[in-house]
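Each remark here refers to the structure printed beneath this line.
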Amino acid sequence: DAGVTQSPTHLIKTRGQHVTLRCSPISGHKSVSWYQQVLGQGPQFIFQYYEKEERGRGNFPDRFSARQFPNYSSELNVNALLLGDSALYLCASSVNPGQRIYGYTFGSGTRLTVV
Amino acid sequence: AQRVTQPEKLLSVFKGAPVELKCNYSYSGSPELFWYVQYSRQRLQLLLRHISRESIKGFTADLNKGETSFHLKKPFAQEEDSAMYYCALKGYGQNFVFGPGTRLSVLP
């Protein structure tokens with residue numbers, strides 16, 4: 001099993017541009033969550049999707065959006081990039097949103113730098 | 001409100017010494033607490049969860065609802081334990097609320 005895979009691994013964008021980050025969950029996992037980790041801080045929740053529907057949204061502006069596809073992979077989109085969007089973006093998958101016992105499995109992340 | 005605090009940004013101990021990484025939380029309801037670890041150049045991974053009361057790599061953590069704490073402990077630190085440790089709370093809507101993390105450095 002390849003685990004949770006994210007692409008690209010690194011990305012440099014200019015302020016005002018748009019970016020799309022991709023995530024493939026572990027086979028059999030139907031829930032995908034996105035987190036933003038700014039340098040020196042813990043990950044912050046952005047979105048959770050389950051069965052292609054948004055199940056949760058963190059305190060992020062509308063410039064952030066996401067979707068989940070029929071194969072359970074997911075995209076995170078960020079419009080009108082700001083310098084403050086520079087961070088490591090983590091994707092986590094689980095069998096379902098509840099997952100009381102096992103928590104989530106995280107990908108290695110996409111390092112986004114906005115210049 | 002749901003919040004996780006880890007008061008120490010950096011904790012340095014000598015090999016073989018006991019280690020305790022502090023975690024406090026605020027949450028209205030019955031909390032689910034986890035510890036995640038991130039070794040150098042590796043992905044964030046689950047270390048242990050309070051619900052299973054297990055010991056992983058010699059680490060244990062006890063949920064103290066009275067003190068709203070979930071401190072991570074190990075009696076004898078090893079150099080390979082050096083990593084970033086994040087305490088996390090499973091919040092409303094099933095998402096995780098992470099603390100800011102503590103960097104553990106185990107000195108030889």
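Letters A, B, ... are given to chains in the order of the sequence lines, protein chains preceding strands, and every chain is numbered from 1. Because the structure is a prediction, the values reported are computed rather than measured.
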Across all chains, not counting sequence neighbours, the salt bridge (charged side-chain N to carboxylate O under 4.0 Å, His left out) partners of K73(B) are E20(B)
By salt bridge (charged side-chain N to carboxylate O under 4.0 Å, His left out), R15(A) pairs with (sequence neighbours left out) none
To the nearest 0.5 Å, atom CG of L90(A) lies from atom CD of Q38(B) at 7.5 Å
Under 4.5 Å to a heavy atom of chain B? For Q37(A) that would be side chain
If you tally heavy-atom pairs under 4.5 Å between each of S33(A), A92(A), G40(A), P43(A) and chain B, the highest tally belongs to P43(A)
| message | Tell me whether the count of non-hydrogen atoms from other residues, nucleotides or ligands lying under 6.0 Å of CG in L83(A) goes above 12. | response | yes
Under 4.5 Å to a heavy atom of chain A? For Q6(B) that would be neither
(message) Within the supplied structure, the quantity of interest is the number of heavy atoms (other residues, nucleotides, ligands) at a distance under 6.0 Å from Q42(B) CD; does it exceed 12?
(response) yes
Step through the shown structure and confirm whether more than 12 heavy atoms of other residues, nucleotides or ligands are within 6.0 Å of CG on D62(A).
no
| Are more than 12 heavy atoms from other residues, nucleotides or ligands located less than 6.0 Å from atom CZ of R103(B)? | no
Y85(B) meets the ring pair (Phe, Tyr, Trp, His ring centres under 6.0 Å) criterion, sequence neighbours left out, with F59(B)
Exercise. Are there more than 12 heavy atoms of other residues, nucleotides or ligands under 6.0 Å from atom CD1 of I12(A)?
Worked result: no
Do other residues, nucleotides or ligands put more than 12 heavy atoms under 6.0 Å from the CD atom of E53(A)? no
Worksheet item: Are the side chain of R55(A) and the backbone N or O of N95(B) linked by a donor-acceptor pair below 3.5 Å?
Response: no
Is the CZ atom of F14(B) crowded by more than 12 outside heavy atoms at less than 6.0 Å? no
Query raised in the report: Taking atom types as modelled, is there a side-chain donor on Q41(A) or Y86(B) under 3.5 Å from an acceptor on the other?
Result: no
Filtered by a 4.5 Å non-hydrogen cutoff, the part of residues 106-115 of chain A contacting chain B is F106(A), G107(A), S108(A)
| message | Less than 4.5 Å apart, side chain to side chain, heavy atoms only: is that true for K90(B) and Y104(A)? | response | yes
When rounded to the nearest 0.5 Å, the distance separating CZ of F98(B) from CZ of F45(A) is 11.0 Å
